[in-house]
Amino acid sequence: MGFKGRKDLLGLQYLTRDEITTILDVAMPMKDIILRDIKKVPTLRGKVMVTLFYEPSTRTRTSFELAGKYLSADTVNLTVSTSSVQKGESLRDTIKTIEVMGTDVVVIRHSMSGVPNYVAQNTSMRVINAGDGIHEHPTQALLDMYSIREKKGTVENLKVAILGDILHSRVARSNIFGLQKFGCEVRVIGPPTLMPPDIEKIGVKKYFNTEEGLEGVDVINVLRIQKERQRRGLFPTLDEYANLYCLTRDRVALAQPDVLVLHPGPMNRGVEISSEVADSQVAVINEQVTNGVAVRMALLYLMMGGARDEIAG
Amino acid sequence: MKLLVKGGRVIDPANNLDEIADVLVEDGLIRRVEPGINEPEAEILSAEGKVVCPGFIDIHVHLREPGYEYKEDIASGTRAAAAGGFTSLCCMPNTNPVIDNNAVADFIRRRAQETGVVNVYPIGSITKKQEGQEISEMADLVAAGCVAVSDDGRPVMNAEIMRRALEYSRIFNIPVIAHCEDVNLSEDGLMHEGYYSTLYGLKGIPAAAEEVMVARDLLLAEAAQGWVHFAHISTRGTLEMIRQAKQRGVRVTCEVSPHHLTLTDEIVGSYDTDTKVNPPLRSQEDVLALRAALENGVIDCIATDHAPHEFEAKDCEYPLAAFGISGLETAVPALLNDLVHPGKLELMDMVRLMTVNPARMLNLNRGALIPGYPADITILDLEAEKTVEPNQFYSKGKNNPYKGRILRGWPWATIVDGQVVALEGKLVI
């Protein structure tokens with residue numbers, strides 16, 4: 001097992017290829033559990049997981065919660081509106097409070113990059129990053145890679161295009177870091193104002209032109225235009241953005257015939273992806289959600305050290 | 001009352017001196033510098049195996065008093081300076097109230113005399129309340145002992161105001177110290193913009209945020225025939241513009257901080273908020289360019305930009321943390337360990353950049369071992385090794401990115417006006 005000695009999951013840039021492979025491998029039997037009639041194994045009985053979300057999220061939080069519950073962990077959800085954060089408590093104190101209640105793993109989402117790293121340095125709990133600022137969203141990338149491997153048979157040496165707001169996307173960064181470890185050619189497509197500085201130095205190919213970027217790719221990962229993150233002036237209008245970067249059927253046709261289309265959701269239909277593509281056979285957007293639970297189960301299992309034979313039955 | 005500093009290797013750039021010699025101090029003044037002085041009634045301070053220099057001068061510190069005494073005050077800041085080998089400081093005006101009138105400047109000088117242990121020279125603000133709207137009463141400030149004006153921390157964004165300040169300051173022959181940052185370009189920025197900001201997901205501050213203001217202020221200084229001094233320069237592009245401006249005769253000087261000479265943006269990946277500083281730690285390329293410029297005269301002095309903060313201001317999410325490094329107590333060891341010992345900077349040059357250069361720039365009768373000058377002396381132990389432990393700092397600010405590192409080369413003794421104030425890193429008065 002490639003996860004011995006690692007306390008936290010802070011990002012895919014910190015993981016080895018073997019560790020990622022281990023997570024993806026373990027996620028396969030986990031997915032079987034989700035598809036069973038009785039979706040529960042006793043593996044993590046007596047373990048406590050707290051999700052601490054400083055940003056609104058439905059699917060990621062629910063996904064973690066169900067992953068924990070399917071493995072019989074006790075789960076508690078804290079969000080900004082119900083926690084003590086609004087009273088002005090420091091992050092350090094909030095974390096300490098959760099720790100001393102006996103929590104084994106804290107799943108944290110925060111609008112500020114590096115917060116999970118800070119938390120990990122200041123607690124004995126295990127920390128899982130559920131998305132921090134514009135830094136990383138490792139479990140999203142893991143479920144994307146799982147979905148790719150499931151459909152393509154492998155995640156190695158593929159051409160993967162990531163389309164949209166790369167600058168503000170932690171999903172893009174985690175996918176880049178993860179896919180590169182498997183020899184993939186990663187392309188990023190978007191307007192110059194939504195490109196991170198020096199992104200080519202990370203080893204990706206940069207395209208401002210959607211058609212050029214999609215030429216011959218095996219996978220297209222479409223990013224949500226996060227309106228709430230847009231600073232004024234990064235692009236003129238949503239209409240113009242859609243005109244240049246929306247994934248339409250014509251644009252999908254430029255990729256490989258067996259192309260796979262991913263989207264982390266929630267979608268802005270007609271902005272970054274057309275409905276006809278989102279609802280077509282090439283898109284696996286709903287299956288990504290199922291896979292997300294499986295990958296998170298695998299992660300919780302590996303991190304909290306359940307016995308392997310318990311999940312086989 | 002006489003003090004004889006005996007047997008040390010004397011490095012005095014003003015006199016181009018680097019030899020074993022004795023330094024005789026009498027009544028707080030330098031008397032003689034020569035080998036083999038015999039003065040039976042003098043108290044002897046043996047400096048054998050040590051390096052004896054003029055007292056180090058730091059022209060850019062934030063002493064926080066008045067107004068922010070929970071971060072630092074003149075008593076603690078000057079003790080940090082003494083422990084760190086500095087005998088004179090210039091303190092920035094971003095206090096509360098701002099040093100924009102003689103009453104605040106007087107207060108600081110009086111407090112420095114009452115509670116301080118090194119020399120303190122205030123820097124007045126360029127504009128009233130540092131608001132960038134109207135220039136301060138500079139005559140008043142100069143009369144109260146201010147040696148320069150600066151709106152440090154709050155760049156003067158209005159070019160017209162900057163132009164008038166550069167013109168008006170010519171009456172007093174003082175530099176206008178520019179903190180170069182276009183606040184629109186740097187807005188919400190947390191670290192140097194580049195490869196590592198992309199890797200770490202932190203919003204970048206582009207080099208251009210500094211450089212467009214440097215370009216502007218060079219043009220304004222040239223047109224106004226005024227004197228601009230650039231604080232804490234951090235990019236290769238800035239250096240190139242200053243080099244060219246100096247060649248064509250623009251009256252420009254500049255300083256660089258020890259952290260911009262020894263640390264790069266890569267270390268921000270720890271999300272340790274002690275690495276958060278403005279201007280940000282730059283790329284390796286910028287750091288190498290700054291180092292090269294230490295020896296060719298483009299950079300005039302090294303200054304710490306000592307910016308102490310209370311624990312809570314740094315113990316938080318990276319984006320919420322205050323900018324700044326508490327640097328007085330690690331400047332000398334960081335430079336010795338990272339630059340002098342590896343042969344990247346001559347000791348003579350380092351001492352020049354921290355003594356005679358800043359002294360001449362600000363017209364202080366210090367920074368050289370000249371008979372009749374105040375006896376400010378810094379003695380270095382190049383071989384001493386010590387771990388940086390911020391909790392042991394005299395500064396109230398424990399925010400220091402060198403923490404935990406073992407550095408070789410530390411100040412051994414600090415003498416101010418003939419009095420030994422610090423020995424082996426400990427205050428002795």
Side-chain angles (χ1 to χ4, degrees), chain A residues 10-14 54-55 85 88-96 108 110-122 127 129 131-138 166-174 176-177 180 188 194-204 206 229 231-233, chain B residues 183-211 235-237 264-276 280-286 309-322 399 401 403-404:
Chain A
L10 303 176
L12 291 198
Q13 64 187 291
Y14 312 112
Y54 287 81
E55 257 188 355
V85 175
E89 187 179 49
S90 79
L91 181 57
R92 177 191 286 275
D93 290 340
T94 303
I95 294 301
K96 196 70 196 171
I108 185 161
H110 205 288
S111 61
M112 296 178 192
S113 302
V115 162
N117 302 63
Y118 169 87
V119 170
Q121 288 159 21
N122 288 290
V127 176
N129 179 4
D132 64 324
I134 56 172
H135 179 219
E136 286 235 29
H137 191 351
I166 313 295
L167 177 63
H168 297 105
S169 179
R170 52 197 176 209
V171 176
R173 281 174 180 72
S174 288
I176 292 167
F177 299 135
Q180 284 184 333
V188 292
L194 294 179
M195 284 290 175
D198 287 342
I199 186 73
E200 308 95 314
K201 288 191 188 162
I202 290 181
V204 301
K206 181 169 78 176
R229 287 194 197 283
R231 284 181 52 193
R232 284 190 303 276
Chain B
V183 297
N184 296 311
L185 282 171
S186 65
E187 190 179 4
D188 299 331
L190 302 165
M191 66 175 292
H192 175 60
E193 179 178 296
Y195 171 76
Y196 287 108
S197 69
T198 291
L199 201 59
Y200 305 150
L202 296 172
K203 185 162 188 306
I205 299 172
E210 173 173 310
E211 290 162 3
T235 79
R236 202 174 56 148
T264 69
D265 55 347
E266 184 180 358
I267 68 166
V268 177
S270 63
Y271 298 95
D272 175 357
T273 55
D274 290 345
T275 64
K276 186 175 171 186
L281 301 176
R282 298 288 187 185
S283 70
Q284 180 74 14
E285 199 178 37
D286 292 308
H309 287 293
E310 74 280 19
F311 177 75
E312 292 77 18
K314 286 289 195 178
D315 182 47
C316 57
E317 298 87 333
Y318 201 90
L320 300 181
N399 46 302
K403 59 179 176 268

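Numbers restart at 1 for each chain; the letters A, B, ... are given by sequence-line order, proteins then strands.
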task: Could you give me the CA-CA distance, side-chain angles and deciding distance for A:Y118 and B:D315, then say whether side-chain hydrogen bond (donor to acceptor under 3.5 Å, both in side chains) is met?
output: CA-CA 9 Å; A:Y118 169 87; B:D315 182 47; 3.0 Å; yes
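Using a 4.5 Å cut-off between heavy atoms, B:D272 does not touch chain A at all. With a 4.5 Å cut-off on non-hydrogen atoms, B:L199 touches chain A through its backbone and its side chain both. Contact annotation for A:E200: neither backbone nor side-chain heavy atoms come within less than 4.5 Å of a heavy atom of chain B. At a 4.5 Å heavy-atom cutoff, the contact between B:S270 and chain A is made by backbone atoms alone.
The candidate from B:E317, B:E193, B:E312 with the greatest count of non-hydrogen atom pairs under 4.5 Å with chain A is B:E317.
More than 12 heavy atoms of other residues, nucleotides or ligands shown are found within 6.0 angstrom of CD on A:Q121. By the 6.0 Å contact criterion, NZ on A:K206 is enclosed, its count of non-hydrogen atoms from other residues, nucleotides or ligands being greater than 12.
Between A:H135 and B:Y271, a ring centre-to-centre spacing shorter than 6.0 Å is recorded.
Between B:G194 and A:D198, the closest heavy-atom pair is CA-OD2, 3.4 Å. The minimum heavy-atom distance linking B:T198 with A:P196 is given by the pair OG1-CB, 3.3 Å. Shortest non-hydrogen contact noted between A:S113 and B:P319 is O-CD, 4.1 Å.
At least one side-chain heavy atom of B:S197 sits less than 4.5 Å from a side-chain heavy atom of A:P197.
Separation of atoms CD1 (A:I202) and OH (B:Y196) is listed at 10.0 Å; rounding is to 0.5 Å.
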